[in-house]
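So that the names make sense, note that chain A is the first sequence line, chain B the second, and so on, each numbered from 1. Small disclaimer: the values here were computed from a predicted structure and weren't measured.
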Amino acid sequence: MKQKTLTNTMDYQELADVYEQLDKTTKNLEKRDIIADFLKRTPKSELANVILFLNGEIFPSVSEEVLGIADKMVLKALSKITGKNENAITNVWKEKGDLGLVAEQVVKKKTQTTLSQEKLTISYVMEILRAIARFEGENSTQKKTGSLAKLLSSAKPKEARYITRTALGDLRIGVGFGIIRDAIVKAFNVEKEHVQHAYDFRSDLSELVLLAKESGNKGLKNVDLKVGKPLRLMLYQKAQGISNGFTRVGAPAAIEYKYDGMRVQCHFKKGEVTLFTRRLDDVTKQFPDLVGALKEHVSCKECILEGEAVAYNSKTKEYVPFQILGKRIKRKHRIDEIAKKIPVVLYVFDMLYLEGKNLLLEPFKKRRAALERIVRKKAWQVELAKQVITGNEDKAQRFYNEALEKHQEGVMMKKLDAQYQPGSRVGFGVKVKPILEPLDLVITGAIWGEGKRGKWLSSYVLSCKKGDVLAEIGKMATGLSEEQFEEVTKRLEPLITKTSGKRVEVQPKLVVEVGYEEIQKSPTYSSGFALRFPRLIRFRDDKEEPDDLERIKRIYQDQKSLSQKQA
DNA sequence: CTTGTCTGCCCC
DNA sequence: ATTCTGC
DNA sequence: GCAGAATGGGCAGACAAG
């Protein structure tokens, strides 16, 4: 008689079996039941590890630690196990479309020759992966790949599949927070809204699951918004034009500029300011100028507000492209220097908490009013997002055009009486952006896909004409249906002229119409330009030649001076 | 020392 | 970020 | 309508390679 629930350890094999069951079904309710069942029989001591693993994590997302392993390091590790070079492994990868499956095969072949197998426990696998994350300095790559190789060698084939996918941060089992939440609800007999509520304010699954098990609804309800701890951001959907926007959020609505910068959640407490990104990373150190400006121009003891940080040129007082702001986001050295060189202005647009009062359930217009009360506007430092309130389509359209003329991305349209809904894309607000004139480009290369696109060439290298030759301008991998991926793969395969790893070069025959948000200067592509957010609009089988670089240069210049738009 | 490669629940 | 897909 | 998967450009940092 086994006493699994009485022991404090659990075999990784059990988790691997669960992963496989989840992999096999596409039905969300079945996935929920599989996970709920597993959580119920997981001992308390393993629960935190199990819930992280189910979410494909090694560390809670609130942690600053990262694993530091991706496909190239996994290739190195698999190369160590097999003694084959990385090119040979890459060829298998290309066929299978999943490094987890490659690892599984590698281990399967190996176990035929080695007999003794010690069982891996969940906590042991977690311990090793975390140790791998902590290697640093000289030879750390060797140490990381060595440890990973050793771990995979001691795993069974199926375990190797999922350890590898976990290391790559891509479980591909169709499980995200939504299903895990519903499984917690079922396993520990708690209310869905309470689990969601606790997650919105902490985003730490391992803390959450223990709370659900130990303290139930009461414990979950007690988790509250706390200044200094980031909460999940409200997300916005896309609308197709102003008129569609009104039907989605109602009229009248608040309409605001959509600035091209970085979203920032700002916490004030006892004179201290903390800044968080959209993914809830702490970027306070990176923006000392913003911290200073906020301390000076926001008058409150405690509050949480939200805004968009936009970079500008201090001499010309013109906004600069997002790329330039990007230089500041991950900066760790010489921060003051870059802060002077690339100043930012914060356009604040929401207030979530003020002087002990949670404002999330207040209607948006009241939150905006609170913001207007406590933020003292200071030009080019802290300003309120430009806003009009109207139900008039012409007026809204004029405001939208004005935003575009000032080189912003478009507008946000917000429901006046909507609450702040953390973490979900409910339709309380929508974004409206213009459709730019598309480009006709020719496919000159492609890359074999991963996962559900494993059988197809699923990313396409695009080129334009540059005089008599072709010049690359980027890649495109979205906008196609599965049927279209199949078709393009069939059409490109006979055109392949060269293969290297997962990449192929093809004769330039297939012309496609490509949509995008912006043309950027590129340090990567031979044309000197790249597209921001490229996607397929349609095939241009009527055309044999792509657009010329001159046209792209012209659009780039137009973008800088007058923003071109089509309704 | 310089240059190239890889990584990131990165930012968009 | 965008887009497609299954529920 | 939602959640999940698969993919885009480009940035700094960390380390490897030369």
Q. For Asp71(A) and Asp281(A), take the nucleotide of DNA chain B holding the closest heavy atom to each; which residue's nucleotide lies nearer the 5' end?
A.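 This one resolves to Asp71(A).
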Q) Reckon Ile69(A) touches a base, only the sugar-phosphate, or nothing at all at heavy-atom distances under 4.0 Å? A)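 Answer is sugar-phosphate: Ile69(A) comes under 4.0 Å of backbone atoms only.
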Q) Which part of the nucleic acid, if any, lies within reach of Gly261(A) when heavy atoms closer than 4.0 Å are counted: base, sugar-phosphate only, or nothing? A)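 Touches sugar-phosphate only.
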Using only side-chain N and O atoms of [X], determine if any of them is under 4.0 Å from OP1 or OP2 of [N].
{"X": "Arg172(A)", "N": "dA6(D)", "value": "yes"}
{"X": "Lys433(A)", "N": "dT2(C)", "value": "yes"}
{"X": "Tyr516(A)", "N": "dG8(D)", "value": "no"}
{"X": "Ser458(A)", "N": "dT7(D)", "value": "yes"}
{"X": "Ser481(A)", "N": "dT3(C)", "value": "no"}
{"X": "Lys452(A)", "N": "dA6(D)", "value": "no"}
{"X": "Gln237(A)", "N": "dC2(D)", "value": "yes"}
{"X": "Thr26(A)", "N": "dT5(C)", "value": "no"}
{"X": "Lys238(A)", "N": "dT3(C)", "value": "yes"}
{"X": "Thr141(A)", "N": "dA14(D)", "value": "no"}
{"X": "Gln520(A)", "N": "dG9(D)", "value": "no"}

Q) In whole Å, what separates the C1' atom of dA1(C) from that of dG8(B)? A)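 Looking at atom C1' only, dA1(C) and dG8(B) are 15 Å apart.
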Q: May I have the distance from Ile537(A) (atom CD1) to dT2(C) (atom P), rounded to whole angstrom?
A: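 The answer, rounded to whole Å, is 13 Å.
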Q. Between atom CG in Asn28(A) and atom P in dA5(D), what is the gap in whole Å?
A.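 These atoms are roughly 10 Å apart.
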Q.
Nearest to the Glu136(A) side chain among dG13(D), dC15(D), dT7(B), which nucleotide is it?
A.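 Of dG13(D), dC15(D), dT7(B), dC15(D) is nearest to the side chain of Glu136(A).
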